[in-house]
*Asks:* 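Take this structure, written in structure tokens, and hold onto it; I'll ask about it next.
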Amino acid sequence: MNEVKIFSPATVANVTCGYDVLGFCLDNVGDEMIVRKTAKKGIHITKIEGYDLPFEADKNVAGVSALALLNHANLDYGFEIEIYKHIKPGSGIGSSSASAAGSVFAINELLGRPYSKTQLTEFAMKGEALASGSEHADNIAPALFGGFTLVKSIAPLTVLEIPSPADLYATVIHPQIEIKTAEARAILPKEIPLKIAITQWANVGSLVHALHTNDYNLIQSSLKDIIIEPFRSKLIPQFENVKLAALNSGALGCGISGSGPSIFALSKGKDMALKVENAMELVYRNTEVAFNTYVSKINLEGIRILS
Ligand code: HSE
């Protein structure tokens, strides 16, 4: 195989209570990439459609993660990358991770899969670090592993795969404003009171338990964020109204997707997720803010080969 075309999905990081550790993979929104072997050594980005991003491999997240893999593999040939970007950068649904994870996934396929998903996550974290200024894997891991993931530690990198209840659906509303992850991280407190930490880690633990036991009521009571949301929600127009509308229409929970501005909700069943989409949309229709919405089941596969 000399060429592979892949779909690299969007992801929701943090999942309300699990800042920097929890994430899940979306199904029907993502980028496409074509990667092919070339006699010329190195990484060459030959095409980018959709958004204006750098072509220099060492300035592009897909390029940086591919270079990290190449440094490890020590090959006497190289790769060309075409990026068809559908996820807007700065959207909060893992735009940079889709690129960073996509390039290393595709190269691994062309090499005959010498690397594990954990090793690919490590390479992709180098690309993510270029975009956000810090190495975190809570978008990359669900893109590569699929489903829900928990990044237990970064060094050594330990990713846990968490089961997803069959009827769980995500609704995402993406206001068309850009929030830079690095800036959304800079406004967060460096320390938090112990009492707040206790509440938050109890919710992370109970959410993971609820996902294992298909306990929708426990999912509902665990989807709370008392650490990050109070700071970041101020950056997102109408956040409180969207959240209220989603919860009032039957969502199990609603919060900021990654570092925002996207807002996600989780619901039991597709019909409920569509009802929640409608309720979220109604809030933004009364404003000047342009937006997109998505309803998606949890993508258990992660990045997939198209051809
Ligand atoms: N955990 C990250 C954050 C996800 O919230 O900053 C965004 O890349």
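One-based numbering, in listed order, for ligands and for the atoms of each. Just so it is clear, the values below take in all heavy atoms, side chains as well, and ignore hydrogens, waters and symmetry mates.
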*Asks:* Is it true that the side chains of N139 and T11 contain a donor and an acceptor less than 3.5 Å apart?
*Replies:* yes

*Asks:* Just jot down the ring-ring contact (aromatic ring centres under 6.0 Å, His included) partners of Y51, sequence neighbours excluded, or say none.
*Replies:* none

*Asks:* So, Y284 side chain and P237 main chain: donor-acceptor pair closer than 3.5 Å or not?
*Replies:* yes

*Asks:* Rounded to the nearest 0.5 Å, how far apart are OG1 of T293 and CE of M280?
*Replies:* 9.0 Å

*Asks:* Side chain to side chain contact (heavy atoms under 4.5 Å, CB included), that's the test. Do L22 and I162 meet it? Break it down for me.
*Replies:* CA-CA 10 Å; L22 282 175; I162 300 168; 4.0 Å; yes

*Asks:* E229 pairs by salt bridge (charged side-chain N to carboxylate O under 4.0 Å, His left out) with which of K243, K224, K234?
*Replies:* K243

*Asks:* Name the residues with a heavy atom less than 4.0 Å from ligand 1?
*Replies:* A13, N14, Y19, D20, H136, D138, N139, T181, R185, R232, G258, S259

